[in-house]
Amino acid sequence: MASEIKTLYEKDGVYIHINVNTHTSDRDAHLPGRIYLLQKPEGTFVEWKAEEVMSLDNHSEQDWAMISSVGYQPDRGSDTVADQKNDRKRYNLSFEVLDLKSFKRSAPSHGWAYIIFILKDGTTYPAVHFHNGGSKALLKELEKFVHIRRSPTDSRLFIIQDHDSEALSMSFDELNLFQDSQGDLVSKFIKDPYTTTMGSFSKVTNFLKDVLLQPEDDSVPKDKVVEILSEDIPGMEINNQDEPGYELVSKTKLPPRPDVNRGTPLTSQQWSKHMDREGRIINVEEVKDQIFRGGVDPALRIDVWKFLLDVYEWDSTYSSRTKTRKRKLDDYFRMKLQWTTIRSDQEKRFSLFKERKCLIEKDVTRTDRTHKFFEGEGNPNLQVLHDILMTYCMYNFDLGYVQGMSDLLSPILVVMENEVDAFWCFAGLMERVCDNFQMDQEGMKTQLAQIHKLMQYSDPELCNYLESHESGNFYFCFRWILIHFKREFTFSDAQRLWEVIWTDLPCKNFHLLICLAILDTEKTTLMENKFGLTEILKHINDMSMAIHLEETLKKAEGIFLQLKNAKHLPDTVKEVLGFPTSNSSPAGSRGSSGTSTPVQLQTPASTPVSGPSASSSMSVSFTKDKSYKNSARLHLPEFMRDSSSQASPDDSSIEILSDNCNGGTSNFYN
Amino acid sequence: MSQRGGAQRPNGAAQGKICQFKLVLLGESAVGKSSLVLRFVKGQFHEYQESTIGAAFLTQTVCLDDTTVKFEIWDTAGQERYHSLAPMYYRGAQAAIVVYDITNQDTFGRAKTWVKELQRQASPNIVIALAGNKADLSNKRMVEYEEAQGYAEENSLLFMETSAKTAMNVNDIFLAIAKKLPKSDSGGQSGQRPQPGVRLNEQNQASEGGCCK
Ligand SMILES: Nc1nc2c(ncn2[C@@H]2O[C@H](COP(=O)(O)OP(=O)(O)OP(=O)(O)O)[C@@H](O)[C@H]2O)c(=O)[nH]1
Ligand SMILES: [Mg+2]
């Protein structure tokens, strides 16, 4: 077998940086390995193999993956021990060169070169880092097998050119997606550009882009159509600019995106300065603003999160908090007793309860098990996770347990390291996101539709692209929204992101702007690879753990500012973000004049895309300007918080229970 | 040898047909849907495979005689709460694997419900396979092989007991499906839109005009 494989290129010192959800110290572990370009009988392959497992590779999964015969092949690595030994094997990477769609290279300024390979089906591999060089040599070798061209809009993105003309004809076929136009969109457009929908417009531009981006292609079919279309491009833009019916082509209407700065986490020193002698938080807005800008020092989360999650009121005192804590402790164990006392015979006649219990058990065993806090067989913290979720079922039996909740609880439990505190924080978080878990999924559908609404305005080009690629329902964002990006970021990044979101700054539904920010970063990859429904979903899923949090937050805030300063923002968009709408009360107009600080952010109404000078002056002015805070403050009460204060049962307090009065909490601190 | 522009697909099946099928996995939560796909696509098994949220999409190509079969696999979330999203994923699927856990009778009942729903709502010619997963845990067996087989026969389903953990019957069930799917030149992917990057050979493409409407 080995004789049939020819090594065309090989380089060691190539690393995959894994940021697994384990101990923070292990974050960004660098997995050493070797990259190969291999000529196999079945094709040319790029492979990366972790160093440790190389000796075992005679029967590696790569060979397995190329199913060569009908039949069952016993898997040698399947027993758990071997699996653990070969844990690194799971990062091994192998793909056929023909499946490669594009790749991203690191910016030149980056310390060492890395490459992110993206396959035609949307598979996006983690970056391979060439610590000892060799990336160029590999790409040179690769070039012997595929045509590579650089993306005209993103200098780091390289697209593999399909040689057959199919790519072109296929994208032309995409035009025919409008069933009604009988595939004759082009002539229809020329005859009557105004009634051709804007969606179609984008499809035409997509098509043009496909054509224009592939100048080297020698087999351009239907060139007449291309000609007509390209003649019409300038016309299209001019025609549409002032047409009232075409508000959506309003790329020009959005002011440029200002740069924003992020800050540093709230420290315990700062936190205590924000407390008066009785323990009340003074300057709540200032505290929140700092948390929005930089998060909370991890050691301080255990305190601050209780405020962010409404366990304690911001203006509570030390003594009232002690009381609250007693009451909540008491309440918790009362509810816990409700299910711990259900015996198995009773359970038989309580199917709904049993069903939920089963669901929780199934999920507890597979929640964040690579995290130090939950790893290992029989980890006592799993029991705590289980007990909190069971008790939450009792607390909110109507909602019950829904998959995804364990993901929301786990980061909280890791911070609180205490069953009762974690429960109440979790209950506070659920208060914010319970709509995500409704039976009819209405809450999810609403939010996905809201992303659509926002993007229609913030980025009509991408929006139209997604619509014309069966993705206008934004279902590929489902996981993002459901568990607030928990699976997209490392554990500590997810915690940082959450505390930022919990400030409810700078506006309502900021998490939707985070979706827009991530999609904006991926825009060129999605569009230039011409990804469709499945590829988009796969690419989005594969981006997990590879999204840069701080950059994303900056961008999301930038988009917020763009929308906030946009002229003629439709009411539908304003409503999503909690901006005052045109027909809202005077309170609303006060909100919009929240910008009455010295520096005005508004751009002149008639200004189309501003030049670089305008944008840089904006960014400078903005970083000093926190004016939106006022308007955000105005809208705070609207944010799903109305019922949270009543949500906690109001029992009279009994004696405080000691932490180990219950089996679930023993062994808990480790 | 340069492969530029070549249409060869794995294992030198260049000359043969290339078919592409959409397959969806359905079944109660934690029965092992994601594990089966992971085993089939990557040859791996994770003891602590995390629950699926939303849906996952994976592809795998297998060769069957002179035909290259490309599976586009949709792996869904199993919990009842997310049931309302399922039609989105099985719509247009040519094949489905309905999975249950042999150590849990309830999951078998749920599998039957899925089969019914597919028979009612999915494409009429959908190939349905029933997979009794976690067959490695036969000491905890709650669903008898014969019971499931009988049910499968009554409903003309493919049936195998599988184990994502040991890999038993995992390839086999996918290959059995591949065999059962229509691979006539006009069949298979009719109604499917062409996927970027999937090279359909001339023959197929010509006869397939319908998929590019
Ligand atoms: N012993 C054994 N365990 C398995 C097998 N297949 C899956 N499991 C385990 O069962 C649990 C659930 O597996 P998943 O693949 O996540 O189940 P799923 O059907 O995708 O679940 P949802 O995503 O929640 O719908 C995991 O802990 C797996 O390790 C199997 O064949 N044998
Ligand atoms: Mg799953």
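Lettering follows sequence order; numbering is per chain, from 1. Quick caveat: nothing in here was measured; it's all calculated off a predicted structure. Heavy atoms only: backbone and side chains are in, while hydrogens, waters and symmetry mates are out.
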* Asked: Given that the side chain runs from C-beta out, which part of A:Q438 has a heavy atom under 4.5 Å from chain B: side chain, backbone, both or neither?
  -> backbone
* **Closest heavy-atom pair and its distance - B:A86, B:L26** => CB-CD2, 4.4 Å
* Asked: In terms of heavy-atom proximity below 4.5 Å to chain B, should A:I160 be classed as side chain, backbone, both, or neither?
  -> neither
* To do: Please determine, among A:R479, A:K445, A:M439, the option with the most heavy-atom pairs under 4.5 Å with chain B.
  => A:M439
* Name the region of A:D542, side chain, backbone, both or neither, that has any atom closer than 4.5 Å to a heavy atom of chain B. => neither
* **Backbone N/O of A:S406 and side chain of A:S410: donor-acceptor pair under 3.5 Å** => no
* Begin with the C-alpha distance, continue with both residues' side-chain angles, and end with the deciding distance and a verdict on side-chain hydrogen bond (donor to acceptor under 3.5 Å, both in side chains) for B:Y90 and B:E117. => CA-CA 10 Å; B:Y90 64 65; B:E117 178 166 340; 2.6 Å; yes
* Most contacts with chain B, counted as non-hydrogen pairs under 4.5 angstrom, among A:I540, A:L537, A:D440 -> A:L537
* Asked: Do you see a donor-acceptor pair shorter than 3.5 Å between the side chains of A:Q403 and B:S29?
  -> yes
* Non-hydrogen atoms of chain A under 4.5 Å away: do they reach the side chain of B:L85, the backbone, both or neither? -> side chain
* Identify which part of A:Y475 has an atom lying under 4.5 Å from any heavy atom of chain B, answering side chain, backbone, both or neither. => side chain
* Select one option (side chain, backbone, both, neither) describing which atoms of B:S51 are under 4.5 Å from chain A's heavy atoms. => both
* Asked: Does B:E50 have any salt bridge (Lys or Arg N to Asp or Glu O under 4.0 Å) partners at least two apart in sequence or in another chain, and if so, which?
  -> A:R487
* Name the region of A:T365, side chain, backbone, both or neither, that has any atom closer than 4.5 Å to a heavy atom of chain B. => backbone
* Would you say B:N169's side chain and B:M160's backbone share a donor-acceptor pair under 3.5 angstrom? -> no
* Is the closest side-chain heavy-atom distance between B:Y82 and A:V402 below 4.5 Å? -> yes
